[in-house]
Amino acid sequence: MNIKENLITAKTLGRRQAWLTAYDYPSARLLEESGIDLILVGDSLGMVVLGQKDTIDVTLDEIIHHLKAVRRGVKLVPVAADLPFNTYQTPEQALNSARLLVEAGADAVKLEGPLPDQIALLVSNGIEVIGHLGMLPQHVREEGGYHRKGKTESEAEAILQASLDLQAAGCCALVLEIVEETLSEEISRQLDIPTIGIGSGSKCDGQILVTPDLLGLQPWFRPAFVKSKTDLATPFQAAVREYIRETKEGSPKLNNGHD
Ligand code: KIV
């Protein structure tokens, strides 16, 4: 599968990308059957599955474990996986880490930040790479929160230049996280590869969201830019409460193998 060619063709034809994350077999299978364009095994895993406060402690082994489950649920749609924090500090380390993700079933890897040397080495070794600029969640501790990027002229110029550099290094697509809409629009205009926005307005060539945010599965935390499409936490808890009540009452409604 040549992901980059397909993505550039889609952009040329004006076909927008709808991407989501998955961390397990059933979700991946449901996403593919729903028509999603790409599934990302994101390091958001740490926050939405493992109960961690950010993405920084996620390990390569954890991504690989969940990537293998996702892979089993997907037939045709590309599956990408995040390189976790501290697994791509040098181009050589990035190559070793990315090879492990590819062996585990990734069709592409994603890494955060303006790191054209890492990206160029991966691409020259036949690995498809998705870039990620703007707010970089793996830097949230040093930045003290999730802040919108590209508000000042100098920051906007730096992000635009980094986007061009990552495209030149060989990225197949670029995620723009919490970037000013005027900037994400300008980057989308200047790049041949698609931009995939998250909290960056509607002018990117596609969007990505963390699936549990979209589905309202975590009522205790929702990023400000997310409009959940549904609230699955409520029917989830209603079903569990009904099951608990019926079990405690010894209700005949429960099917325990006797009709
Ligand atoms: O980890 C993640 O889920 C991401 C996003 C872009 C959704 O990187």
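In this chain, residues are counted from 1 in sequence order.
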Handout entry: Shortest non-hydrogen separation from Ile178 to Ser200 and the atoms involved
Key = N-OG, 3.2 Å
Exercise for the section: Would you check if Ser27 and Thr211 make a side-chain contact, meaning some heavy-atom pair closer than 4.5 Å? Expected result: no
Problem - Arg141 with Asp57: basic N within carboxylate O range, under 4.0 Å - result: yes
Handout entry: Reported CG-to-OG1 distance for the pair Asp43 and Thr55, which is rounded to 0.5 angstrom
Key = 4.0 Å
Handout entry: Donor-acceptor pair, side chain of Thr195 and main chain of Asp205, under 3.5 angstrom
Key = yes
Fill in the blank from the handout: Here the pair of heavy atoms bringing Val77 nearest to Asp107 is O-OD2, 4.1 Å
Completion exercise
All heavy atoms of Lys149 vs all of Gly134, minimum pair found to be CG-C, 3.4 Å
Completion exercise
Closest non-hydrogen contact found for Cys171 with Lys4 is O-CE, 3.5 Å
Practice task
Measure from the side-chain N and O atoms of Lys11 to the backbone N and O of Ile193, and report whether any donor-acceptor pair falls under 3.5 Å.
Solution key: yes
Exercise for the section: Please round to the nearest 0.5 Å and tell me the distance separating atom OG1 of Thr12 and atom CG of Asp192. Expected result: 7.5 Å
Practice task
Examine distances only and state if a side-chain atom of Asp37 and a backbone atom of Ala18 form a donor-acceptor pair shorter than 3.5 Å.
Solution key: yes
Problem - Electrostatic pair Lys110-Asp82, nearest N-O below 4.0 angstrom - result: yes
Exercise for the section: Determine whether more than 12 heavy atoms belonging to other residues, nucleotides or ligands lie under 6.0 Å from atom CD of Glu153. Expected result: no
Handout entry: Pairwise side-chain contact, Val210 with Tyr23, heavy-atom cut-off 4.5 Å (strictly under)
Key = yes
Practice task
Return yes if some donor-acceptor pair links the side-chain N/O of Glu32 with the main-chain N/O of Lys75 below 3.5 Å, else return no.
Solution key: yes
Exercise for the section: Kindly say whether Ile119 contributes a backbone atom to a donor-acceptor pair with the side chain of Tyr88 at under 3.5 angstrom? Expected result: no
Practice task
Without swapping roles, check the side chain of Glu177 against the backbone of Gly199 for a donor-acceptor pair under 3.5 Å.
Solution key: no
Handout entry: Where Thr21 and Pro212 come nearest, the two heavy atoms and their spacing
Key = OG1-CD, 4.3 Å
Exercise for the section: May I ask you to decide if Leu215's main-chain N or O and Ser228's side chain share a donor-acceptor pair within less than 3.5 Å? Expected result: no
Exercise for the section: Assess whether atom CZ of Arg148 is packed by more than 12 heavy atoms of other residues, nucleotides or ligands within 6.0 Å. Expected result: yes
Practice task
Would you confirm whether Asn125, through its side chain, and Ile127, through its main-chain N or O, come within 3.5 Å as a donor-acceptor pair?
Solution key: no
Completion exercise
Output for pair (Ile187 CD1, Thr182 OG1), nearest 0.5 Å, gives 9.5 Å
Problem - Flag if over 12 foreign heavy atoms under 6.0 Å of NE2, His139 - result: yes
Problem - Under 3.5 Å donor-acceptor, Gln207 side chain and Arg16 backbone - result: no
Problem - No-hydrogen, no-angle side-chain donor-acceptor test under 3.5 Å, Gln161 and Asp165 - result: yes
Handout entry: Given Asp24, Leu101, Val109, Val70, the one that forms side-chain contact (heavy atoms from CB on, under 4.5 Å) with Val41
Key = Val70
Problem - Ser97 side chain vs Thr87 backbone, donor-acceptor pair below 3.5 Å - result: yes
Problem - Heavy-atom side-chain contact between Asp54 and Tyr146 under 4.5 Å - result: yes
Exercise for the section: Determine, for Glu155 against Lys151, whether the closest basic-nitrogen to carboxylate-oxygen distance falls under 4.0 angstrom. Expected result: no
Problem - Interatomic distance, Thr59 atom OG1 to Leu45 atom CG [nearest 0.5 angstrom] - result: 8.5 Å
Practice task
Looking only at non-hydrogen atoms, find the nearest pair between Gln89 and Asn86 and report the distance.
Solution key: NE2-OD1, 3.0 Å
